[in-house]
Amino acid sequence: MIVEGPWTDEPSGGGEAPPPDRTFGLSERDRAVLDLAARTFSGPGPRERAVRERLGLSPTAYFQLLNALLDDPRALRYDPLTVGRLRRERQRGRDERD
């Protein structure tokens with residue numbers, strides 16, 4: 001039995017439902033930054049290389065953009081696990097400096 005309703009991908013009655021927006025209003029570059037931040041790297045070298053090759057950004061520009069994204073509610077909706085983890089790491093670093 002297929003249950004139709006707002007919690008499924010099935011249209012509920014009056015016509016075709018639009019496809020869900022999986023971008024959450026973020027640009028392609030913003031999503032790529034978050035996707036790269038979600039990956040694990042063995043050290044800073046491979047991450048910096050990936051930032052330059054895949055995003056065309058300097059590591060400094062990447063981290064500035066990533067830091068701004070951590071405060072963007074759209075980024076939290078796009079990847080709540082990564083954004084939550086990075087927010088905690090950022091706060092832990094601030095707490096250690098205080």
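Side-chain contact between L69 and V33 is present, with at least one heavy-atom pair separated by less than 4.5 Å. Side chains of L34 and L36 form no contact here, defined as non-hydrogen atoms less than 4.5 Å apart. Looking at F41 and R49, their side chains never come closer than 4.5 Å, going by heavy atoms from C-beta outward. With contacts defined as side-chain heavy-atom distances shorter than 4.5 Å, the pair L65/D30 qualifies.
Between T82 atom OG1 and D35 atom CG the span is 8.0 Å, to the nearest 0.5 Å. Going from atom CG of N67 over to atom OH of Y62 covers 11.0 Å, rounded to the nearest 0.5 Å.
Few gaps surround CD on Q91; more than 12 heavy atoms of other groups in view lie less than 6.0 Å from it.
Across all their heavy atoms, R39 and R47 have their closest contact at O-NH2, 3.3 Å. When all heavy atoms of Y78 and F24 are compared, the closest pair comes out as CA-CD1, 3.6 Å. Nearest heavy atom pair, residue P59 against residue E48, reads CG-CG, 3.7 Å.
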D79 vs L81, test: side-chain contact (heavy atoms from CB on, under 4.5 Å). Steps then yes/no. CA-CA 6 Å; D79 189 347; L81 294 176; 4.1 Å; yes

Full working for side-chain contact (heavy atoms from CB on, under 4.5 Å) between L76 and R87: CA-CA 10 Å; L76 184 61; R87 282 180 176 179; 3.7 Å; yes

Before you tell me yes or no, could you show the steps for R31 and T23 under side-chain contact (heavy atoms from CB on, under 4.5 Å), namely the whole-Å CA-CA distance, both residues' side-chain angles and the distance that decides it to 0.1 Å? CA-CA 8 Å; R31 293 189 314 273; T23 67; 3.5 Å; yes

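Not a single donor-acceptor pair under 3.5 Å links the side chain of R74 to the backbone N or O of L26.
A salt bridge links E89 with R85: at least one charged nitrogen is closer than 4.0 Å to a carboxylate oxygen. The pair R90-D71 meets the salt-bridge criterion, since a charged nitrogen lies less than 4.0 angstrom from a carboxylate oxygen.
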